[in-house]
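Heads up: numbering here begins at 1 and tracks the sequence. Heavy atoms only: backbone and side chains are in, while hydrogens, waters and symmetry mates are out.
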Amino acid sequence: MSASTFRNRDSARSLETRERILSTTENFLVQNGLDLSIRAVTEEAGANVAAVNYHFGSKEGLLRAVLEGVAGPLNQARAEALERAKAKAGVNPIPIEDIVEAVLHPYIFGPEGRENAGMIFLRIALANRVRPTDLGRALIREYLEPIAQQLLHALREALPDLSDAEIHWRYHFMISSVLATLADMEVGGRFHTLSRGECDVTDKAEILRQLVRFLSAGLRAPRGP
């Protein structure tokens, strides 16, 4: 067997190890937020700590690789949705429903080519709220801040009568509702059992429609005293 064959085989194994570590880390973060245990991940992935250092440089490098893999496509999809909505609106503010759909659609349907990215990132973000870490807060802020500012700007233009503080309150309530609601959209979950199956938690189009209607009404609520 030639040296090049050995190199190709080693390269394939190395790539397989890298992908296995990433996949295992995604599953770990969904359960534990960004409080990452390298030892637990490597044991589950059948790898060693040296492999993490080799492929990602550090624990933070591994976290960044996972977040970039899910948050990157999500942010791009939401930014593109906002751009399409802005072009459609022309000189007018983007309609509230279109802003809300730009937030929701990538989470529910996933960006093209990475359909599970929305739910993975959503569960990581929700788990990080339950078990926050300083690094987790910093990374979530880093990956979410740019798109959040775009969405807040669109809301300010669409809701000019609201103060900046009111906009931030409503944006926070919107995102929190999305996180909590979508995390429970599974057969056998609390929402499914409470509704006795009346609400189809597998119907993504209906989930999107109901959330857009509800959240848009909340964003448009009259200004408080």
Side-chain angles (χ1 to χ4, degrees), residues 1-81 83 102-150 175 178-179 182-183 185-186 202 204:
M1 189 175 292
S2 68
S4 63
T5 300
F6 277 114
R7 284 196 298 270
N8 290 339
R9 179 178 292 180
D10 288 344
S11 178
R13 287 175 178 170
S14 179
L15 181 60
E16 180 185 345
T17 298
R18 184 182 190 278
E19 293 305 311
R20 193 166 64 248
I21 292 172
L22 280 174
S23 177
T24 303
T25 304
E26 282 184 0
N27 293 333
F28 184 93
L29 298 183
V30 164
Q31 299 298 323
N32 300 281
L34 292 165
D35 186 15
L36 182 64
S37 167
I38 294 295
R39 186 169 299 279
V41 166
T42 52
E43 286 179 359
E44 180 67 23
N48 54 49
V49 175
V52 172
N53 293 329
Y54 174 77
H55 289 289
F56 306 101
S58 64
K59 173 180 175 177
E60 181 175 337
L62 174 56
L63 287 171
R64 287 182 179 279
V66 172
L67 289 177
E68 182 61 34
V70 291
L74 280 175
N75 287 339
Q76 182 178 347
R78 284 187 285 187
E80 290 173 352
E83 283 300 314
V103 173
L104 291 171
H105 196 281
Y107 276 129
I108 296 173
F109 291 95
E112 185 175 355
R114 192 69 203 275
E115 284 71 22
N116 64 342
M119 292 306 297
I120 291 173
F121 185 72
L122 180 149
R123 290 179 182 274
I124 290 173
L126 189 60
N128 189 63
R129 287 194 176 191
V130 176
R131 298 180 61 181
T133 65
D134 290 341
L135 177 59
R137 288 191 184 100
L139 290 174
I140 291 290
R141 184 167 58 248
E142 178 182 335
Y143 282 97
L144 289 185
E145 188 75 12
I147 189 63
Q149 291 300 334
Q150 291 183 49
I175 296 301
V178 171
L179 289 174
L182 295 184
M185 288 294 106
E186 57 185 13
T202 67
K204 293 183 177 181

Taking every non-hydrogen atom, the tightest pair across [X] and [Y]:
X    : Y    : result
R137 : N128 : N-ND2, 4.0 Å
R123 : A183 : NH2-O, 3.3 Å
A51  : A47  : CB-CB, 4.3 Å
H55  : S14  : CE1-OG, 2.9 Å
A71  : F121 : CB-CE1, 3.9 Å
T24  : V41  : CG2-O, 3.6 Å

Spell out, as yes or no, whether a donor-acceptor pair under 3.5 Å connects the side chain of [X] to the backbone of [Y].
X   : Y    : value
T25 : I21  : yes
D35 : T133 : no
K59 : L36  : yes

Q) Rounded to the nearest 0.5 Å, what separation is found between the CZ atom of R78 and the CD1 atom of I147? A) 5.5 Å
Q) Near R39 CZ, under 6.0 Å, is it more than 12 heavy atoms from other residues, nucleotides or ligands? A)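 Not more than 12 within 6.0 Å, no.
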Q. Would you say the side chain of Y143 lies within less than 4.5 Å of the side chain of L74, judging by non-hydrogen atoms?
A.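 The answer is no; the side chains never approach within 4.5 Å.
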**Q.** Geometric cation-pi criterion R18 and Y54, 6.0 Å radius, 45° cone
**A.** no
